[in-house]
Amino acid sequence: MIVPFEQVLFVSGVLFVLGLMGILIRRNILFVLMSIEVMMNSAALAFVAAGNRWGQPDGQIMFILILTLAASEASVGLALVLQIFRRFKTLDTDAASEMKG
Amino acid sequence: MDLVFWIPALVAIVATLLAVTNYNPVHGLLYLIVSLLAVALIFFRLGAPFAGILEVIVYAGAIVVLFVFVVMMLNLGDAVVEQEKRWLKPRVWAGPAVLCGVLIVELWRVVWPAGATHPLSDAVIDAPHVGVALFGPYLLAVELASMMLLAALVAAFHLGRHD
Amino acid sequence: MYDLLFLVFALPLAGFLILAFGRGRLGENGAAAVGVGSVGGAALVTAGLVAQFLGHPPDGGAYTQVLWDWMKVGGFTPHFALRLDGLSLTMLGVITGVGFMIHLFASWYMRGDDGYSRFFSYMNLFVASMVFLVLGDNLLFLYFGWEGVGLCSFLLIGFWYKDAANGSAARKAFIVTRVGDTFMAIGLFWLFRSLGTLDIQQVLQLAPQAFDSESGRQAVRGIALLLLGGAVGKSAQLPLQTWLPDAMAGPTPVSALIHAATMVTAGVYLIARTHVLFELAPDVQHLVGVVGAVTLLLAGFTALVQTDIKRVLAYSTMSQIGYMFLALGAGAWSAAIFHLMTHAFFKALLFLSAGAVILACHHEQDIRKMGGLRKTLPLAFWCFVVGGGALAAVPYITAGFYSKDEILWQAYAGGHMDLFLAGLFGALLTSIYTTRLILVVFFGEEKTHAHAGHGVSYWLPLAVLLVLSTFVGGLIHPPLEGVLPAAPGEGGGAAQLGIEALSGSVAIGGILVTALVYFTRPRALLALAQAPAAQAVRRFWFSAFGFDWLYDRLLVRPFFWLVRVCSGDLFDQAIGTIPELLRHANVLSTRTQTGRMRWYAASFAAGAVLIVAAVMFRG
Amino acid sequence: MSALFTPQVIAALIAMVKAIVILLGVVILAAMLIWVERRLLGVWQDRYGPNRVGPFGLGQVVADMIKIFFKEDWMPPFVDKPTFVIAPMVAMTTMMLGFVLVPVTPTWGVAPHLNVGILLFFALAGLAVYAVMLGGLSSNSKYALLGGLRSAAQMLSYEVFMGVAAMGVVMCTGSFTLADIVDAQKGCWFIVPQFLGFCTFSLAAIATTHRHPFDLPEAEQELAAGYHTEYSGMKFGMFFVAEYVGVVLVSALLTTLYFGGWRGPFVDQLPWLAFPYFFVKTSIFIMLFILLRGALPRPRYDQVMDGGWKFCLPLALLNLLGTGAYLLWKQGG
């Protein structure tokens, strides 16, 4: 007997909010990227659980798509981190605020 | 109480919390790996072994490795820990934490209403099922994903160059 | 062979696409190869078509190639079809043949220009549009090509866009012809409303019955008038003639191809194509002739006093197209098309050799600063002599004589004495200003040092057109029987010989008198020119009878005045408050753009909290 | 008592015993390998190798183990302690865990019927990278850091096409499960249809265990001892043994994937032949790896990376494409 669907969704929601909190409180861009990975992972968890709920493989397929998204995001994001570090000599997200209105 | 689900779930939650609040990037990443492995276990429990193993191979084995790699390349040292300590004052995290707490409570009320139970099944959806669906109705999505990966590859190559 | 008909416009179109998307990467030789080669290919296909047409004419004298259905709206299903008959074949020969020669010449003329490949891409697009204009079996496609050539004319007049004057000349040409195009569009709407079709053959068949009633006669009169308006605009006839002299701002090959040989004759083609409508409205047809006659006289007088070599030729073009209109008005359809063809030969020749002269004199266009060029530029000189001879219609040895004489004879034979006399007087004017131009440019003292051009792409087009401008061109008879109705005076006999003798002696007389006065009494000529009355007349003629001035006062200035008056009115202010509000909103919203990522993320989170709360409390 | 020993519990106990036996065997084998390698290298390089302690120098293993166990486990003061401790554990654990997959004989194996099968090996190999990276990162020393960077990049690169190469076998079998893969080789070993895959897989396997000629992370001349420069005592021992465990694991996998695992002549009639077949095949690969160390020079780092991305990856993809095309063709008739 597995837990009900709602409980898995709740766990996924908690993970998501933790990731969101990471984005809100961290100034270090590396941690921000990590938090984004956490959020994507929690979404993937919700998808896989939903796939189980309906007995369809679609949930896992969405997981795979999220995985590719996360991989692209991480590679581009980390390349940007290197660029930012090279340019501003810091990982502070607030340092890169040249687009402010 | 399904311990095979709840133990990894608690591990994942605690590890994630530690990951996003850690001062040291390397330790944070280690906690993140633990969290990912725990989620992979949840996947196994939910009858998605393929997703679980991909979570380990790609997430833990490739994406987080990239993070560690970047940390190694930047070679931040102890200075970054000091800096994080300065940045993570209660004044900074109190507000967002309260906001997130509200959100968690709300989510709890919305996704887990009292009395609502949709049981999950023990049935395993194996790699062949996923593969057949992936290269059948989702073929376009696969192509789009591959295109996105290519774009990311080009972008990362371009951004990562020394100019 | 007929199956290849579509190639005639597909090849230049492909050339245009290659050049346009190549964006100058092809280099000069590559661009020239594509640009000239595509038109050359079209010319080859046309040659094959001509051979086939003359050898084995298609059934009914016309071949139709349906490519696809363009659209389907209710019962209106215009086919995307090409129609080849004697008339369009003649036009096709002129467009691709003369067009190829001019392209070839242009590949020499334009060398070293920044926009070399851009030039050829425009030129190819022009050829494609023009071919489309004459091949379209439907007035809709004719109109499509009509606008296409207008666009290319605009692009090419303003080709050297860095000079603001060229840009305004291009705009002027575009706007003035647009007036005519609007007339034509309305005419087409009316025609479609009356007949329910725009297919040319059906229009020609249906028109006689459909317009048989009294109201029908009124309708066809209106339609013909509106079509005439379109033709007048495109062909630079009175009163929409003012754009053509300014169009000389474009490169000289453009003037040769578009503003002499092909595009400006589209009006003649249009009227010949829809001749049934004009025959149903005889007074409008006569108006066509009158417009042509007046234009040819005005342009002739104006050309007498111009000092810019290209403007002289531009006014002579207007005047020659006036002849064609005159012929159309007199019902001499075939003669008009015949003159169109020979005019294309000798006017292209004149423009190209004028281009050679201009380039040799380092982009000098003022004939007063030239002189004595016959020694340094022998080829250009002989081209001018032959082309000028054809223009002035020197009897029997030039192509222009055969066509112009045909026009005069038909006008006479059809009983249009007014048109005939105007044409005769115009012939005199033509011979005088042509002789003047040649004398001033090539005789007298040498005022500038010229460098003759060389290379096959320089002399070959000139040589070919030179040959075609002699009586050789006059021997070509367009296969127009069956397409256009016979003229009143077919097979003239003794009377025609008399007219020939008369017009020939007028032309020769004009040339001789001018040359005589120029060589023997230059002083008297100068004294005449210095006289105050003559000065006034000269200024008046020089400004082309003040049409530009008139239009400026009549149309342009009132329009500007209206615009100025309307620019600050109540509506404007009311509308102005909206951007003002937006600007304030913008200032406020830029405040929220702090550049801090956490701030944005926090607003996301707050939004998520609100949305989830809304979901929670809703149910 | 009978309630306690239900059939499931007994089965679980038997499985545990099997697992313990297999893992113990592996560790002992790995320890023995230290001696075997030194002796064999001695033979191939025309010298003696260890031959003083015990018969044929066999006591050398015991002596080394005693030394490593009882040496002071000293930790430099500048290291990041938690990660420094975790790194060798990860190395050892991931390599040992890999053996759960291997069907040693038809009946002996921890989880040869696991449904994700060979994928688990890739997951473990992916995690093994952390041992190297964390070791290099936590040591706070430039030799260790550079060594860790290099070997991490190398392992990541080679894992990519190791997976691609192994997918050829998976496609032929239609299953990730190693037991199925062995069964599928009843008629013909996969070395024949998957020769390109075998070549790339074995190359990648050597690189993943960072054995010679892919031992750049430890290139003594440039980087001292690479990522484990700062390690000593038992922690160093774990890295050291993990390397040999890796060699054994990779050899066993090569045997299973491409050489029919425990299959051999008469094995269906005489089931006891299965283990000797498996042991001999695996040993041959182990010897091969040692021979490679004795025979080949070490390539430059950029050559290693180029060889991986520009040579092996296209080759593995070609193999995969060819296999796919062949299978589709056969299916379509």
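Chain letters run A, B, ... following the sequence lines, proteins first and then strands; every chain starts at 1.
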* **D/Thr173 and D/Ser175: side chain donor to acceptor below 3.5 Å** => no
* Verify side chain to side chain contact (heavy atoms under 4.5 Å, CB included) between D/Val304 and D/Tyr158, making sure each step is shown before the conclusion. => CA-CA 10 Å; D/Val304 169; D/Tyr158 277 75; 3.6 Å; yes
* Asked: Of the listed residues (D/Leu120, D/Asn115, D/Ile86, D/Val129), which shares the most heavy-atom pairs with chain B below a 4.5 Å separation?
  -> D/Asn115
[X] versus chain B, heavy atoms under 4.5 Å apart: side chain, backbone, both or neither?
X        : answer
D/Ala125 : neither
D/Phe122 : both
D/Leu156 : side chain
D/Leu124 : neither

Considering residues, nucleotides and ligands other than [X], do more than 12 of their heavy atoms fall under 6.0 Å from its [atom1]?
X        : atom1 : result
B/Trp108 : CH2   : no
B/Tyr31  : OH    : no
B/Met73  : CE    : no

Does any backbone or side-chain atom of [X] lie under 4.5 Å from a heavy atom of chain D? Answer side chain, backbone, both or neither.
X       : result
B/Val26 : side chain
B/Val64 : both
B/Ile33 : side chain
B/Leu29 : neither

* Check: B/Phe135 ring centre within less than 6.0 Å of B/Tyr138 ring centre -> no
* To do: Could you check B/Ile57 against D/Glu159 for side chain to side chain contact (heavy atoms under 4.5 Å, CB included), going step by step and ending with a plain yes or no?
  => CA-CA 10 Å; B/Ile57 294 178; D/Glu159 267 164 27; over 6 Å; no
